[in-house]
> 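Take a look at the following structure, please.
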Amino acid sequence: MRKLKQVNHLVGLLRPALEDIQGRHASPVVVDAGSGNAYLGFILYELFLKDAEGGVLLNVEGRPELTQRAKERAGRLGFSRMEFQTAHLESAQWPERIHLLMALHACDTATDDALAVAIQKGADYVAVVPCCQAEVATQLKEGRAAVEPTLSLLYQHPWHRREFGSHLTNVLRALTLESFGYQVTVTELTGWEHSLKNELILGRRVHRENRQARAKLEAMLGAYGVRPKLTRLLGVEPASSTPAPPAADITRTTPV
């Protein structure tokens, strides 16, 4: 029931994007990257594609047993324009044109793979709910950041580093989308009682690029000494920065 609530809420948030692409394209291509059991895909097909004249919904999932199960269910339901591919996101075969790409709880760098595909294919819309971000937290642990020593205390402890790393990861993802021409909204998917992986990043492509956002992205990568997979895939380099003074230079005071 928790999963159903999440999916239904996401469908409501995706409705404007789906109605827009259906209004502008005779056969829109919708992709669910890391689709799992394809629950989101089935609901979207039922509501938006089943009675439409055109449109394809491609589900990409790395676990063959889930792909087969969903494919059989689509056959029983007569969802003939619901397609399935068994592949990990980094090695999948993608359509030449994607109008909406979504990834619900694609784990760690799989969300980066999905975002990179959306950007590279010029998707009109992208929607991701990230999950289990660990890569940036690991990079923070290596201590290459040039931030002020007091700021680095925000991720000194492992638990804080995981949380801060997750937050930083999603900030960088949103900035990356903006730098490649997307208007971005970051919001809550559902209440915390339904899921701890709850952050929804929505993007709508409005420009070819945004140089101001690109400069901010490069500066942040340089300041924190991180380079997540998404920026590596897209060739975004961190700006050079002056190393911060060592932590020992911090003037410590007695707590109040």
Side-chain angles (χ1 to χ4, degrees), residues 1-18 20-21 29-48 57-63 66 70 87-90 92 94 98-119 121 123-137 162-178 180 182-205 228-231 233:
M1 292 303 296
R2 288 196 301 268
K3 189 72 170 182
L4 180 61
K5 183 177 178 66
Q6 293 174 56
V7 171
N8 282 337
H9 189 61
L10 180 56
V11 168
L13 294 170
L14 292 177
R15 181 179 294 276
L18 286 156
D20 179 53
I21 62 175
V29 177
V30 179
V31 174
D32 187 0
S35 57
N37 287 296
Y39 295 142
L40 177 59
F42 281 110
I43 292 176
L44 289 178
Y45 195 97
E46 171 71 27
L47 294 177
F48 297 97
L57 200 156
L58 171 63
N59 299 270
V60 180
E61 169 57 43
R63 291 164 289 184
L66 298 187
H88 296 293
L89 300 188
E90 58 187 357
W94 302 100
I98 296 174
H99 298 98
L100 166 63
L101 185 142
M102 51 203 178
L104 177 59
H105 295 158
C107 194
D108 198 17
T109 59
T111 294
D112 291 325
D113 293 323
L115 287 170
V117 169
I119 291 170
K121 296 297 184 180
D124 298 42
Y125 293 91
V126 58
V128 298
V129 180
C131 182
C132 305
Q133 303 95 312
E135 184 190 38
V136 166
R162 288 195 301 271
E163 294 300 307
F164 186 83
S166 293
H167 182 66
L168 179 58
T169 298
N170 290 341
V171 170
L172 291 170
R173 285 167 172 164
L175 268 177
T176 302
L177 283 170
E178 289 178 6
F180 282 90
Y182 286 81
Q183 184 181 71
V184 177
T185 301
V186 181
T187 187
E188 182 182 63
L189 176 60
T190 57
W192 292 108
E193 70 274 16
H194 298 289
S195 175
L196 295 178
K197 307 302 180 182
N198 198 37
E199 187 170 346
L200 172 63
I201 301 174
L202 290 167
R204 179 171 67 93
R205 194 165 183 262
K229 187 176 184 181
L230 178 59
T231 61
L233 290 172

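We're numbering straight along the sequence, starting at 1.
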> Is any side-chain heavy atom of L115 closer than 4.5 Å to a side-chain heavy atom of L101?
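No, every pair of side-chain atoms sits at 4.5 Å or beyond.
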
> Please report the closest heavy-atom contact between V184 and A174, naming both atoms and the distance.
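Shortest heavy-atom separation between V184 and A174 comes out as CG2-O, 3.8 Å.
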
> Measure the CG-CG distance between L44 and L40 for me, rounded to the nearest 0.5 Å.
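That separation rounds to 4.5 Å.
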
> Quick one: pull up CH2 in W94 and NZ in K121 and give me the separation to the nearest 0.5 Å.
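These two atoms lie 9.5 Å from each other.
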
> Can you measure from OG1 (T187) to CG (L13) and round to the nearest 0.5 angstrom?
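Answer rounded to 0.5 Å: 7.0 Å.
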
> Is there a side-chain contact between E135 and D112 (heavy atoms, below 4.5 Å)?
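Counting from C-beta outward, E135 and D112 do come under 4.5 Å.
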
> So if I apply the side-chain hydrogen bond (donor to acceptor under 3.5 Å, both in side chains) rule between K229 and each of T111, D113, D108, T169, which one comes out positive?
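Only match with K229 under side-chain hydrogen bond (donor to acceptor under 3.5 Å, both in side chains): D113.
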
> Looking at side-chain heavy atoms only, is the closest gap between N170 and Q133 below 4.5 Å?
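N170 vs Q133: side chains touch.
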
> Nearest 0.5 Å, what's the CZ-CG distance between R15 and D20?
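Answer for the CZ-CG pair, R15 versus D20, is 14.0 Å.
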
> With rounding to the nearest 0.5 Å, note down the distance linking CG in N59 to OH in Y39.
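N59 atom CG to Y39 atom OH measures 12.5 Å (nearest 0.5 Å).
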
> Return the CD to CD distance between Q183 and E178, rounded to the nearest 0.5 Å.
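Going from the CD atom of Q183 to the CD atom of E178 covers 9.0 Å.
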
> Check whether Y182 reaches the backbone of A123 with its side chain - one donor and one acceptor, N or O, closer than 3.5 Å.
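Side chain of Y182 to backbone of A123: a pair is present.
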
> So do the side chains of R205 and D124 get within less than 4.5 Å of each other, counting heavy atoms only?
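Of all side-chain heavy-atom pairs linking D124 with R205, none is under 4.5 Å.
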
> Does the H99 side chain pair with the main chain of V29, one donor and one acceptor, at a distance under 3.5 Å?
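At least one qualifying donor-acceptor pair exists.
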
> Decide yes or no for V129 and E199: does some side-chain heavy atom of the first lie under 4.5 Å from some side-chain heavy atom of the second?
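Result no, sub-4.5 Å side-chain heavy-atom pair not found.
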
> Kindly indicate whether the side chain of V117, heavy atoms from C-beta on, has any atom under 4.5 Å from the side chain of L89.
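Of all side-chain heavy-atom pairs linking L89 with V117, none is under 4.5 Å.
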
> Given L202, which partner from the list V186, V126, L14 fulfils the side chain to side chain contact (heavy atoms under 4.5 Å, CB included) test?
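Of V186, V126, L14, side chain to side chain contact (heavy atoms under 4.5 Å, CB included) with L202 is met by L14 alone.
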
